[in-house]
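Since the model is a prediction, treat every value here as computed from it, not as a measurement. Worth knowing before you read on, the calculation uses all heavy atoms, side chains too, and leaves out hydrogens, waters and symmetry mates. All chains are named by letter (A, B, ...) in the order of the sequence lines, taking the proteins before the strands, and each is independently numbered beginning at 1.
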There are 2 protein chains.
Amino acid sequence: MSERETRTAGASAPSAEALQKLAGRHQAGYRSVGTMAYDILRDAILDGTLAPGQKLRQETLAETIGVSRLPVRSALIQLEADGLVEFHARRGAVVKALSAEQAREVYDIRVLLEIDALRHSMDEMTPERIARLRELGRTADAEEEGADFVDARTQFYAELYGAAARPVHWEMIEQLRLKVGRYVLGWRLVGGGEHGHSHEELVAAVEAGDADAAAEVLRSHLTGVRDAVLAMLSAEGGAAAR
Amino acid sequence: MSERETRTAGASAPSAEALQKLAGRHQAGYRSVGTMAYDILRDAILDGTLAPGQKLRQETLAETIGVSRLPVRSALIQLEADGLVEFHARRGAVVKALSAEQAREVYDIRVLLEIDALRHSMDEMTPERIARLRELGRTADAEEEGADFVDARTQFYAELYGAAARPVHWEMIEQLRLKVGRYVLGWRLVGGGEHGHSHEELVAAVEAGDADAAAEVLRSHLTGVRDAVLAMLSAEGGAAAR
DNA sequence: TTCCGAAATCTTGGATCCAATTTGCGTGCC
DNA sequence: GGCACGCAAATTGGATCCAAGATTTCGGAA
């Protein structure tokens, strides 16, 4: 039952098992099946289960995660808006790849936006928020696996940038982080994590009220990650950048 | 046929005629009905046909623009991703309003992003692009009505910022412009257009190669529009900002 | 043997149909 | 007379069904 399927299922079969495992983690009580499908597919793209260039057949995805094609279509539309998948007219959807140039753009803009967000946020900093930041940074460093790793760090930066006070600004930052999330994950698996201490370093600068120092820590962290991502994308060659 | 309908159709009837007119302009050959519905509804929100706070009943919209409910749902999902509408679980969708604080955020970020885009673009400026900019600026100034007015200006800025060379950067800028597009339109209708000359002023600075001057023109233009939008939002009070 | 064309199959996109949930109204009780 | 509970109607969300288009394969001809 598995020797002939290789040809039939083409590029979509290899991820079936892993995708089902992801679907299992999301089986909890969702209000709508569409949002569940969105979360499953988004996580699948972020952790590499659905690789860039992968062709996304609606029916295959639908029966893999156990729903109809309709919520899958809803999810794909949302993912297209996020820039994670790409629709080719009547020819279906594929997981969008980020070129090296686009990744560089993302990090250039992130430096701009995140430093600005940090400065705004530091104007409204409180001891309570500092304490909360330390706590979130610790749990973020503790998390190791795919999607949870991203979630924990997201919470840290949401607090750091004052997401609640500047929702639009934070929304933009999140979109950019989403675009490069999978490459950071891939890089982390390959290159190891010597960046773990930047959380504490950042919090220390914020606590000291030194905006320039905090901005510099942030900038060097982002450019460091950027260079690592770019190196990985160059190493993989045109395959992922197609 | 119009005296009793006011109560029956509630908040959605007043826009029916105008919406149908918009639908007529988009009746051209679309590949998918979903994208057509998206364009129609997006334009309707941008030009105020669908006002902020407006409740969007899927069936009403569907029969007004002459399609089924399914492509309307697709369009609404996309519009939610754009931040133009808001889904309330099982209770339907409404046109999202922008608070004054959020509008301020949008313009703050736009200053950051657009000045940076302009500087990058000026590094790759050519006489051909200058000429094209002049042409686009002229046609943009000529356009007066709703959606076309936005389109023409979008083309101008796409060329100014080198959208082709920096697609991610441009995508971010477009998202932000989309969020405030309707308020600019509203402000323009109210306040008149003393901002028309900024196109030529901008092109002149770009042609001279003076990045700082061009950035300053852009910044003052954006902050000027921002203040006008904020004034309008404050004047309307909590109605639009709810 | 290779290239072009046509037909068949597969896949996306749309419409109608059905179920589930929410909201509004009416009635009954306190 | 007011509030609460329950029922009914309407609207959203999901599934199955149908049509349109694209791709691939097979066959024929050069």
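- As a whole-Å value, the separation of A:Glu59 CD from D:dT16 P is 11 Å.
- Per the geometry, NZ belonging to B:Lys55 stands 10 Å off C1' belonging to D:dT12, to the nearest Å.
- Between B:Arg31 and D:dG21 there is no side-chain N or O to OP1 or OP2 distance below 4.0 Å.
- With hydrogens and angles left out, the side-chain atoms of A:Gln175 and B:Gln175 include a donor and acceptor closer than 3.5 Å.
- As rounded to whole Å, 10 Å separates atom P of D:dA10 from atom CZ of B:Arg57.
- Distance, A:Leu61 CG to C:dT12 C1': 13 Å, rounded to whole Å.
- In this structure, A:Leu76 reaches neither bases nor backbone, as no heavy-atom distance under 4.0 Å exists between it and the strands shown.
- With rounding to whole Å, A:Tyr38 atom OH is found 17 Å from D:dG13 atom P.
- B:Leu56 has its CG atom 14 Å from the P atom of D:dT11, to the nearest Å.
- Distances shorter than 4.0 Å separate some side-chain N or O of A:Arg91 from OP1 or OP2 on D:dT23.
- Proximity of B:Arg90 to the phosphate of D:dG13: no side-chain N or O atom is located under 4.0 Å from OP1 or OP2.
- Where A:Leu70 and B:Gly92 each meet DNA chain D at their nearest nucleotide, the meeting point lying more 5' is that of B:Gly92.
- Interatomic distance, CG of B:Leu233 versus CD of B:Glu101, reported as 9.5 Å (0.5 Å rounding).
- Between the side chain of A:Arg69 and the base of D:dG14, no donor-acceptor pair of N or O atoms lies under 3.5 Å.
- A:Lys179 has no carboxylate O lying under 4.0 Å from a charged side-chain N of A:Asp82, or vice versa, which leaves the two without a salt bridge.
- Using a 4.0 Å cut-off, some side-chain N or O of B:Gln58 falls inside it from OP1 or OP2 of D:dG13.
- B:Arg90 and A:Ser32 are not linked by any side-chain donor-acceptor pair at a separation below 3.5 angstrom, with hydrogens and angles left out of the test.
- The base of C:dG14 is not paired with the side chain of B:Arg73 by any donor and acceptor separated by under 3.5 Å.
- Residue B:Ile65 contributes atom CD1, which lies 11 Å from atom P of C:dG14 at whole-angstrom precision.
- At a threshold of 4.0 angstrom between heavy atoms, the contacts of A:Ala89 are confined to the sugar-phosphate backbone, with no base atom among them.
- Closest to the side chain of B:Phe87, out of D:dG14, C:dT11, D:dG13, is D:dG13.
- Atom-to-atom, CD of B:Glu63 to P of C:dA15 comes out at 13 Å; the value is rounded to the nearest Å.
- Under the 4.0 Å criterion applied to side-chain N and carboxylate O atoms, B:Arg57 and B:Glu63 are not assigned as salt-bridge partners.
- Heavy atoms of A:Ser68 sit under 4.0 angstrom from at least one base atom.
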